[in-house]
Every structure is written in C-alpha cells, then in structure tokens.
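The structure follows.
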Amino acid sequence: MLHIVNKSPFERNSLDTLLDTSPGGAILLIEDGVYAATKGNAFEPKLKAAMDKFKVYALQGDLEARGIADRVTDGVAMVDYGGFVDLVANNKTNQSWL
Amino acid sequence: MSTIKKFMFVNRKAPYGTIYALESLEVVLIAAAFDQDCSMAFLDDGVYQLKKGHQTKGIEVKGFEKTFGALEDYDVEKLYVDQESLAARGLTAEDLCVPVEVMSRAELGKLMDEQDVVLSF
Amino acid sequence: MASIEVNGKSYEIDEEGYLVNLGEWNEEIGAYLAQTENVTMTEQHWEVVNFLRDYYNEFQIAPAVRVLTKAIGKKLGADKGNSQYLYELFPYGPAKQACKIAGLPKPTGCV
C-alpha cells in the first residue's frame with residue numbers, strides 16, 4: 001500500500017499513527033509532510049527506524065518550495081509529479097492520511 | 001493621531017501547506033503601514049517560514065521569503081524565534097533568511113504578556 | 001473579467017483596473033494605464049514606476065506609501081523621497097496610481 005502524508009509530524013500525528021499501525025509499504029511525503037524527511041529533526045529517528053519496513057519518498061517540488069531539498073534524510077527518495085503518478089499506479093491501494 | 005499599540009503576531013504554522021503564514025505577513029504589513037508597533041514571534045512549525053532558500057516554482061505558488069526582507073522598511077524589526085522549536089527541527093539561526101532574536105519559550109511567553117494585541121496564526 | 005487592448009493585444013485587468021498578470025507588463029501597457037489615470041508620463045514618473053517594479057522584484061510586494069517615500073528617499077535623494085513630490089506626480093496617491101501604471105497589484109496596506 002502507498003501511504004500519502006501531507007501534514008508536518010510536529011503538527012499532526014498522521015505519520016506517527018501510520019508508522020505505528022501499518023505493517024509496511026511505501027510512504028510518500030507531500031506538502032508539509034516533507035518536513036518529516038529532513039536531517040536533524042526530532043522525528044527523524046522514528047522515520048529512519050521505519051525504513052526497513054517502508055520505502056520513503058518525498059515530493060521534490062514541496063521540498064524545494066520550503067528550502068529543504070538540500071537536507072533530505074538519507075534513504076529518502078525524491079520524486080517529481082511523474083514519480084507521484086507512478087507510485088499511485090504501481091501500488092494496489094493507497095491511503096491519504098489527513 | 002490615533003494611539004500606537006503594541007501588536008504581536010504569533011506564527012505557529014509552516015509556510016505553503018496552509019494560507020496562515022502568508023496571511024499573517026500581510027496583516028503585519030498592513031498594521032505596520034498604519035504605524036503600529038509590530039513584532040513577530042515564530043514558534044513550533046512557524047520557524048519553518050523563515051528557513052532560507054524557498055524555491056516555489058515547482059508548486060506554482062508565489063513564494064514570500066523575499067517579503068520578510070521588506071519588514072525592515074516597514075520598521076518591523078522585532079522578530080523573535082523560539083530556540084526549542086528550531087532545535088527540534090534541526091535548524092539554527094544561520095538557516096534563517098533574516099536576522100532574528102532567538103530566545104526561550106518562557107521569554108517569548110513573557111513578551112506575549114506585555115502586548116496590547118496578540119494575533120495568532 | 002475586463003481587459004484592455006494595447007497594440008492589438010488584449011490584457012486582463014481586475015475590477016479596479018490593475019493588470020492581472022504582472023509578467024505581461026511592458027512600457028506601452030504602462031503608458032496606456034497612465035492614460036486611464038489621466039497621468040502624463042515624464043521621466044520623473046517613469047523613475048518612480050521603475051523603482052516600484054524593482055522593489056516588487058526584490059521583495060514581492062508593492063510598498064505602502066510611507067514605505068515607498070522612505071525607500072525612494074534612500075535611493076533617489078531626499079528631494080524625491082517626500083510625499084509632496086510624489087503626490088505632484090501621482091495626484092490620486094503615488095502608491096495606488098504608480099503601482100497600477102507599473103502593472104503591480106494594489107499595495108499591501110492600501111484599503
């Protein structure tokens with residue numbers, strides 16, 4: 001399953017709950033969700049620990065808009081809008097966490 | 001001339017994901033244009049607003065990082081940033097696009113108490 | 001939405017006559033918008049209009065009149081950085097009129 005998260009981990013617990021509940025799959029961080037994938041932030045250890053179960057992606061345009069494309073957590077793959085579409089198409093189901 | 005009040009704008013939201021950050025900045029400029037004594041506080045995800053290097057072309061949204069640079073022209077020079085919020089996000093004052101005063105949450109709270117008007121975004 | 005026609009091309013304007021897409025602006029459009037404001041453009045007018053465009057490029061906003069006055073004084077000298085000079089050039093408000101001619105949105109803080 002592809003999980004899409006669009007909220008900052010500091011403002012909402014969507015990502016937190018997703019990591020606690022899902023057995024694994026792919027996570028795409030978009031909009032304010034991309035803040036979870038920055039080096040040195042307090043949520044980073046939890047995201048890193050989840051990386052053996054999840055492949056984590058972050059939307060490039062949203063990282064660039066927020067000035068953080070140069071400090072993305074190691075192991076997180078940047079994707080563009082085309083990559084977004086591929087992820088949705090290649091996963092049987094997807095869930096947008098609000 | 002009407003009386004001048006101490007306004008503080010409290011910013012706790014990340015930029016671009018919601019409209020709050022841009023709205024706050026516009027209201028600050030309006031209040032400042034009416035000669036009010038304005039300051040801005042940044043805490044929680046609000047500190048992300050000041051992260052330098054916004055490139056908003058890809059999301060087709062007008063970027064407003066540059067507008068923080070105009071605050072000085074509007075005599076808005078009191079920009080306060082919460083140290084704890086920066087640290088939790090792996091940021092330091094060097095990552096920010098304008099000069100700010102970094103302080104503790106308690107110091108920020110004290111400043112809020114001293115205002116005539118506090119607007120929260 | 002309303003539009004204006006300059007040199008055979010049509011450009012969108014908002015209900016108050018401000019150009020919608022500032023990227024479309026050129027001097028002919030500026031001159032046309034000046035006419036609608038009954039302003040006869042001189043070198044001094046263009047100086048203010050160009051100053052506003054530069055300011056917008058740098059800070060992404062059209063400055064309020066007090067800020068404009070101060071900033072012009074800093075850059076072009078005190079004889080130009082005062083409201084009397086600017087109101088003589090743009091009688092219905094330097095920020096409002098000059099911004100319109102410059103193809104910028106209405107200044108922030110302008111009601």
Side-chain angles (χ1 to χ4, degrees), chain A residues 4-16 27-49 56-85 87 96-98, chain B residues 10-25 41-69 81-100 102 105 108 120-121:
Chain A
I4 301 171
V5 177
N6 76 338
K7 295 291 187 299
S8 156
F10 303 107
E11 208 199 332
R12 298 277 180 89
N13 52 12
S14 339
L15 183 57
D16 208 22
I27 298 173
L28 173 61
L29 303 169
I30 64 169
E31 297 168 22
D32 288 344
V34 298
Y35 285 120
T38 51
K39 282 185 182 138
N41 86 72
F43 199 84
E44 193 187 27
K46 179 144 187 179
L47 187 72
K48 275 196 147 161
V56 183
Y57 304 86
L59 199 59
Q60 187 173 353
D62 284 320
L63 290 164
E64 286 170 352
R66 291 160 180 79
I68 50 174
D70 58 351
R71 53 172 72 200
V72 176
T73 302
D74 295 333
V76 174
M78 265 203 253
V79 292
D80 58 12
Y81 287 107
F84 189 160
V85 174
L87 279 171
S96 283
W97 293 74
L98 293 179
Chain B
V10 178
N11 298 278
R12 297 182 48 252
K13 296 261 196 301
Y16 309 117
T18 65
I19 196 73
Y20 289 98
L22 177 60
E23 292 284 309
S24 167
L25 189 53
F42 297 88
L43 60 165
D44 299 335
D45 276 356
V47 302
Y48 281 137
Q49 294 178 26
L50 297 173
K51 170 71 181 68
K52 66 180 156 203
H54 297 180
Q55 304 272 353
T56 56
K57 220 180 187 148
I59 60 167
E60 293 180 30
V61 165
K62 184 178 154 184
F64 50 85
E65 174 183 352
K66 288 173 167 178
T67 306
F68 285 111
V81 174
D82 169 35
Q83 163 63 36
E84 211 176 291
S85 303
L86 280 179
R89 286 157 186 80
L91 300 173
T92 66
E94 280 79 66
D95 293 312
L96 308 182
C97 64
V98 281
V100 299
V102 178
R105 312 202 119 197
L108 256 181
S120 193
F121 288 88

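To find a chain, count down the sequence lines: A is the first, B the second, and so on, and within it residues start at 1.
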Non-hydrogen atoms of chain A under 4.5 Å away: do they reach the side chain of B/D45, the backbone, both or neither?
side chain
What one should report as the nearest heavy-atom pair of B/I59 and A/A65 is CD1-CB, 3.4 Å
Sub-4.5 Å side-chain heavy-atom contact between B/R89 and A/Y35
no
Interatomic distance, A/D62 atom CG to B/T56 atom OG1 [nearest 0.5 angstrom]:
11.0 Å
Rounded to the nearest 0.5 Å, how far does OH of B/Y48 lie from OG1 of A/T38?
4.5 Å
Greatest number of non-hydrogen atom pairs under 4.5 angstrom with chain A, of B/G53, B/C97, B/A88, falls to B/A88
With a 4.5 Å cut-off on heavy-atom pairs, point out which of B/K52, B/E60, B/Q55, B/Q49 contacts chain A the most.
B/Q55
Looking only at heavy atoms and a cut-off of under 4.5 Å, which of A/R66, A/Q60, A/E31, A/K7 has the most pairs with chain B?
A/R66
Roughly how far apart are A/I68 CD1 and B/D95 CG, rounded to 0.5 Å?
11.5 Å
What closest approach, in Å, do B/P15 and A/D32 show between heavy atoms, and which atom pair accounts for it?
O-OD1, 3.4 Å
Against chain A, label B/K57 side chain, backbone, both or neither, depending on which of its atoms sit under 4.5 Å from a heavy atom there.
neither
